[in-house]
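Throughout, a chain's letter reflects where its sequence line sits, starting with A, and its residues are numbered from 1.
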Amino acid sequence: MNGMPGDVFTFQFENLQRAKRRNETWLCQSRSVNGGEAALQVFNNEGSEHADEICLRENEAAIQGADQYEITWYMSWSSSERCAPQIIDFVQKHPNVKLNIFVSRLYYQDSEPHREGLRALSQHERIGLKVMTLTDFQDCFDRFVGEGNGFQNWEDLAGNSARYAAILKEITQQTSTEKEQRNRQSGHGRDPDKQHLLSASSLITDLTL
DNA sequence: ATTTTCAAT
């Protein structure tokens with residue numbers, strides 16, 4: 001396995017609310033077949049390809065029809081709006097795959113298209129989506145950096161994890177009305193043909209508030 | 001067209 005250096009792990013996976021200069025994404029994958037020993041791989045983005053896309057391609061080549069696969073991802077940034085549908089397609093195409101995704105930070109947490117992607121992932125019956133906690137960072141470090149290297153707990157890891165978890169919960173439980181409000185705020189998702197629907201729903205919202 | 005974010009003048 002081409003593992004991760006400890007300092008790279010700590011820098012890239014630190015779950016800061018404002019993660020400056022983490023302008024790349026790391027994905028640590030554990031994949032086991034029929035409950036056997038897990039194969040470990042580390043991916044990151046290359047060129048215009050996202051880490052998820054490269055990893056999916058690798059899985060596509062490795063996976064055989066009848067076997068049962070347990071896949072776990074530890075991601076420094078959560079999947080983008082571009083990758084989420086590809087991940088869902090992959091899992092759909094392989095009914096023998098279960099995918100558990102742990103994320104350190106939420107990528108563009110306020111952008112509705114990215115939020116929608118996460119919502120779709122979390123709603124799939126064979127996909128798990130969670131924010132990493134101390135145990136997850138510890139496990140990821142032990143498996144992908146090396147147990148002997150000693151994981152260093154950083155400042156406010158638990159607090160940051162709890163805040164991200166709260167945001168993810170809000171994202172996955174968000175109602176359609178809230179989505180429209182968000183779209184109007186951020187200027188995303190506007191469809192000229194549906195402007196009247198948006199204003200009608202905002203009118204209803206205003207009346208009920 | 002940028003914030004902090006799969007980033008480059």
### Query
How would you label the contact of A:Leu16 with the nucleic acid (heavy atoms, under 4.0 Å): base, sugar-phosphate, or nothing?
nothing
### Task
Report the relative orientation of the aromatic rings in A:Trp154 and A:Phe151; use parallel for angles under 30°, tilted for 30 to 60°, perpendicular for over 60°.
perpendicular
### Task
Give a yes/no on whether any side-chain N or O of A:Tyr108 is located under 4.0 angstrom from OP1 or OP2 of B:dT3.
no
### Task
Using heavy atoms to find the nearest nucleotide of DNA chain B for A:Ser48 and A:Tyr164 separately, return the residue whose nucleotide is more 5′.
A:Tyr164
### Task
Determine whether A:Gln86 and A:His50 make a side-chain contact, defined as any pair of heavy atoms from C-beta on separated by less than 4.5 Å.
no
### Message
Does A:Gln17 reach a base, just sugar-phosphate, or nothing at all? Heavy atoms under 4.0 Å.
### Response
base
## Note on the structure
Taken to the nearest whole Å, CD/A:Glu46 to P/B:dA8 is 13 Å
#### Entry: Euclidean distance, atom CG of residue A:Asn23 to atom C1' of B:dC6 [Å, nearest integer]
9 Å
### Query
Roughly how many Å is it from CZ in A:Arg21 to P in B:dC6, rounded to a whole number?
13 Å
### Query
B:dC6 C1' sits how many Å from A:Trp73 CH2, rounded?
13 Å
#### Entry: A:Glu46 side chain near A:Asn44 side chain, heavy-atom distance below 4.5 Å
yes
### Query
For A:Glu81 and B:dC6, what is the distance between atoms CD and C1' respectively, to the nearest whole Å?
12 Å
### Separation of B:dC6 C1' from A:Gln86 CD (nearest whole Å)
12 Å
### Stepwise salt bridge (Lys or Arg N to Asp or Glu O under 4.0 Å) test for A:Glu58 and A:Arg31
CA-CA 11 Å; A:Glu58 149 69 25; A:Arg31 187 184 64 215; 3.6 Å; yes
### Task
Using a 4.0 Å heavy-atom cut-off across all strands, classify A:Ser79 as base, sugar-phosphate, or nothing.
base
### Query
Which part of the nucleic acid does A:Asn44 contact within heavy-atom distance under 4.0 Å: base, sugar-phosphate only, or nothing?
nothing
### Query
Looking across every strand, which nucleic acid part, if any, lies under 4.0 Å from A:Ser78 by heavy atom: base, sugar-phosphate, or nothing?
base
### Task
Could you state the atom-to-atom distance from CH2 of A:Trp26 to P of B:dC6 in whole Å?
15 Å
### Task
Round to a whole Å and report the spacing from CD1 of A:Ile54 to C1' of B:dC6.
9 Å
### Query
At their closest point, which heavy atom of A:Ser80 faces which heavy atom of A:Asp52, and how far apart are they?
N-OD2, 4.5 Å
